[in-house]
Amino acid sequence: LRAEAEARRRIIEGRGFVADQLEGIAEIMTGLAKEMHRDVEFRLEVEERLKSSFNRFGLAVESVNVFDYGRHMLEVRVKKHGCLNYFECQYLITPMLSRLLGYTFTVWEKQCPRAGSHDCCFTLVPAGKYRVKHAVATMAKDPGHSGDSYTMLKTKDGRFAIILSDGMGTGPRAARESRATVDLLAQLISSGFKEEFTLNLINSVLMLRTPEERFATVDLALLDLFRGELEMIKIGAAPSYIKRHREVVSIKAATPPAGILQELPIERQRYTLSLGDYLILTTDGVFAGELGPAETEDWVERALARVEVSGPQPMADFLLQLVQANMGTEARDDVTIIAAQILPADLCVSFRPR
């Protein structure tokens, strides 16, 4: 009877999981439909203006499509005759588009001509006022199998995302849990899914697994590269820190890891960063030393307030050295430290191969 009841419970949870997926897909389709009907006259006017300007300069542009996502986001898709890898998209069209529209644009993705094809396609998006320089320092209790996973990515809507997850325990199983959590979260966010839906979906996936393999913490930092605004979402994660000169702000949230509760509590914390500020994300291995979590938290804040280093890598390395000294001769837990610094955007343009 107990086994049958457990099977029924899992079926019900599985149905809820599929329903959540369909709801998220429906939200994206609804958003796309709204975007298709927004500012049609404005886009057509800009498209004709850009196409005329490109052709006047001898650039064989076949089509130009402009999409307005609101706020500060314009997406320009161009199809033109191939340039034989002379990077006309990067060195000619991008500066011209920036002058015409008054934004600094960058090549987001491009498809160069393949064998038998003579057309290339590429997408341009505003580059933003800021960029993020980042570095990572790690230490694993089980060499070769850190239970911490992380990734960093830039989204098309002008945000820089840092994702950090700590699988419960150490070793290969914890590594699989955190890696799967980070990969799924990165794919969904880059595809345009809302953060609440994405995190609840991951929570549902973990809930369907066995109790021994279903818990993982999540740190999600989203930095708006146009306005310098930071959104932090912490799911059972260790404290994070913002360092501005000698001022240190601790970011905490009393939420359980994903995979424990059916309904995942999600709290957004918002901050405004300035040029030169550091954002430091850590896993709870930082607090596994001799001093204990409470004393270590205070010690980390004091150390960050005193230290004066130049760049994210020295910052991450400095904290890892202090953690190693606190742990002694043996690593007690996996440790990951991510240090990110907000800097002015580069004037040069770049592209993301597709």
Side-chain angles (χ1 to χ4, degrees), residues 28 31 35 66-78 87 89-90 93-95 97-98 101 103-111 121-136 149-165 179 181-199 218-233 240 242 268 270-281 311-313 316 336 338-354:
I28 287 184
E35 288 161 10
V66 180
F67 299 88
D68 179 15
Y69 295 104
R71 295 170 62 196
H72 40 62
M73 283 308 301
L74 282 177
E75 179 181 316
V76 181
R77 299 178 186 174
V78 180
F87 301 105
C89 60
Q90 184 172 352
I93 292 182
T94 298
L97 183 69
S98 300
L101 297 185
Y103 293 96
T104 301
F105 278 80
T106 183
V107 180
W108 175 258
E109 57 188 6
K110 72 174 188 174
Q111 293 176 313
C121 302
F122 53 91
T123 301
L124 302 168
V125 296
K129 294 171 56 179
Y130 308 102
R131 65 184 174 93
V132 177
K133 185 177 181 180
H134 51 82
V136 182
S149 297
Y150 61 89
T151 192
M152 282 151 273
L153 61 113
K154 186 179 178 182
T155 65
K156 193 177 289 187
D157 62 354
R159 296 184 298 174
F160 187 85
I162 304 176
I163 305 171
L164 176 62
S165 178
R179 187 74 261 165
T181 298
V182 166
D183 289 345
L184 180 57
L185 187 53
Q187 289 175 16
L188 293 174
I189 287 178
S190 62
S191 298
F193 284 84
K194 293 181 179 179
E195 293 79 35
E196 286 82 357
F197 164 76
T198 301
L199 291 167
V218 177
D219 250 321
L220 175 58
L222 297 165
L223 177 62
D224 188 317
L225 297 178
F226 289 85
R227 295 182 290 188
E229 295 178 353
L230 171 68
E231 283 191 339
M232 284 290 303
I233 300 177
S240 301
I242 296 172
R268 290 177 182 262
R270 292 177 171 85
Y271 304 87
T272 299
L273 301 186
S274 301
L275 287 174
D277 287 356
Y278 287 91
L279 172 66
I280 296 101
L281 278 64
Q313 193 64 64
T336 298
I338 300 175
Q341 187 178 25
I342 183 169
L343 299 170
D346 290 328
L347 296 179
C348 61
V349 294
S350 60
F351 66 88
R352 222 180 51 146
R354 181 173 178 178

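As a basis for the values below, the full set of heavy atoms in this structure was taken, side chains included, without hydrogen atoms, waters or symmetry mates.
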Mind checking ring pair (Phe, Tyr, Trp, His ring centres under 6.0 Å) for Tyr130 and listing every partner two or more places apart, or none if nothing turns up? none
Heavy-atom distance under 4.5 Å between the side chains of [X] and [Y], does that happen here?
{"X": "Leu199", "Y": "Leu185", "value": "yes"}
{"X": "Ile342", "Y": "Leu223", "value": "yes"}
{"X": "Leu279", "Y": "Ile338", "value": "no"}
{"X": "Tyr278", "Y": "Lys133", "value": "no"}
{"X": "Lys154", "Y": "Leu225", "value": "yes"}
{"X": "Ile162", "Y": "Tyr150", "value": "no"}
{"X": "Val78", "Y": "Cys121", "value": "no"}
{"X": "Leu275", "Y": "Asp277", "value": "no"}

Suppose the criterion is salt bridge (Lys or Arg N to Asp or Glu O under 4.0 Å): which pairs have a residue in residues 182-191, not counting sequence neighbours? Arg179-Asp183
Which heavy-atom pair separates Ser98 from Phe105 by the least distance, and what is that distance?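 Distance-wise, the nearest heavy atoms are OG-N, 3.0 Å.
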Which heavy atom of Ala316 sits nearest to which heavy atom of Ala135, and what is that distance? CB-O, 4.4 Å
Using the ring of Phe122 (Phe, Tyr or Trp, six-membered ring only), decide whether Arg77 places NZ or CZ under 6.0 Å from its centre and within 45 degrees of its axis.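 Verdict for Phe122: no cation-pi partner in Arg77.
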Counterpart residues, side chain to side chain contact (heavy atoms under 4.5 Å, CB included), relative to Glu195 (two or more places apart):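 Glu195: side chain to side chain contact (heavy atoms under 4.5 Å, CB included) contacts with Arg159, Leu220, Leu222, Ile233, Arg268.
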Among Val76, Val125, Leu124, whose side chain to side chain contact (heavy atoms under 4.5 Å, CB included) with Trp108 holds? Val125
Side chain to side chain contact (heavy atoms under 4.5 Å, CB included), paired with Leu281, selected from Asp219, Val136, Ile163: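 Going through Asp219, Val136, Ile163 one by one, the side chain to side chain contact (heavy atoms under 4.5 Å, CB included) with Leu281 is satisfied by Asp219 alone.
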So, the side chain of Thr94 versus the backbone of Cys89: is there a donor-acceptor pair under 3.5 Å, distance only? yes
Treating Thr104 as the side-chain partner and Ala127 as the backbone partner, does any N or O pair qualify as donor plus acceptor under 3.5 Å?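 No, Thr104 side chain to Ala127 backbone: no donor-acceptor pair under 3.5 Å.
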Side chain to side chain contact (heavy atoms under 4.5 Å, CB included) between Tyr271 and Glu229: does it pass, once the steps are laid out? CA-CA 6 Å; Tyr271 304 87; Glu229 295 178 353; over 6 Å; no
Kindly compute the distance separating CG (Asp224) from NZ (Lys129), expressed to the nearest 0.5 Å.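 Going from the CG atom of Asp224 to the NZ atom of Lys129 covers 10.0 Å.
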